[in-house]
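Comments concern the structure below.
On a predicted model such as this, the values are computed, not experimentally measured, just so you know. Numbers restart at 1 for each chain; the letters A, B, ... are given by sequence-line order, proteins then strands.
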Amino acid sequence: DTGVSQNPRHKITKRGQNVTFRCDPISEHNRLYWYRQTLGQGPEFLTYFQNEAQLEKSRLLSDRFSAERPKGSFSTLEIQRTEQGDSAMYLCASSFGQGEEKLFFGSGTQLSVL
Amino acid sequence: EDQVTQSPEALRLQEGESSSLNCSYTVSGLRGLFWYRQDPGKGPEFLFTLYSAGEEKEKERLKATLTKKESFLHITAPKPEDSATYLCACGWGGGNKLTFGTGTQLKVEL
């Protein structure tokens, strides 16, 4: 068990470009979450999956954001036409679900939009 | 609106000087009160989950307690390696989503 893995660790992009992040959860976990954290704030919920189904999206998640979890394994988060306000740490977490409530977080992808 | 408020924002302690961090919450349908530790540049690391008022949990120098409106994280005889940001979060709704507070940044000095 290597924990939740996120790639890349850092991403610098220019405004208007598209970016994609990847998350590999703990293998036996069926729930996967995406959170966003800005400096001095706690993480904010964006979306979550139960296996391959995306069950909920926060109203924080604009139409420029899309997340997938094909086959219920790894997940990707894509941001289209990035804006400077998208600069943040994007955190992925996973859990067993089904009564096991605690979330295990990855180290995040730090996005800087110039 | 659901809210999680942590205090103080920052705390500086001498090694061995015990103290407490506070987390007050207004969340409907609470499904657990969580404490996480976060080191710079890393994701939050799970510490405790509390489910009902009166519940207490301990781990090394840390002890978490829960009432109907707030939770405390007590740190006994802290060491420099306890320096980190401590985040409180409330679980709610289907899928147990978490609403986090802004954290308490703890610095323990020799």
Most chain B-contacting option - heavy-atom pairs closer than 4.5 Å, from A:Pro43, A:Gly108, A:Ser107: A:Pro43
Top of A:Gln6, A:Arg9, A:Gln37 for chain B proximity - count of heavy-atom pairs under 4.5 angstrom: A:Gln37
Proximity of B:Tyr36 and A:Phe105 rings by center, below 6.0 Å: yes
Chain A interface, residue from B:Gly41, B:Pro44, B:Gly43 that has the most non-hydrogen pairs under 4.5 Å: B:Pro44
Toward chain A, the part of B:Glu45 with a non-hydrogen atom under 4.5 Å: neither
Sidechain N-carboxylate O distance under 4.0 Å for B:Arg12, B:Glu109: yes
Under 4.5 Å from any heavy atom of chain A - which part of B:Leu98: both
Whether B:Phe72 and B:His74 hold their rings parallel, tilted or perpendicular, with breakpoints at 30° and 60°: parallel
Salt-bridge criterion met for A:Arg15 and A:Glu83 (N-O under 4.0 Å): no
Flag if over 12 foreign heavy atoms under 6.0 Å of CD, A:Glu78: yes
A:Leu55 versus chain B, the contacting section by heavy-atom distance below 4.5 Å: neither
Chain A contacts, top residue of B:Gln105, B:Lys42, B:Lys97 (heavy-atom pairs, under 4.5 Å): B:Lys97
Contacting region of A:Tyr35 [heavy-atom separation from chain B under 4.5 Å]: side chain
Check against side chain to side chain donor-acceptor pair (under 3.5 Å), A:Gln54 and A:Glu68: CA-CA 8 Å; A:Gln54 187 174 17; A:Glu68 294 182 342; over 6 Å; no
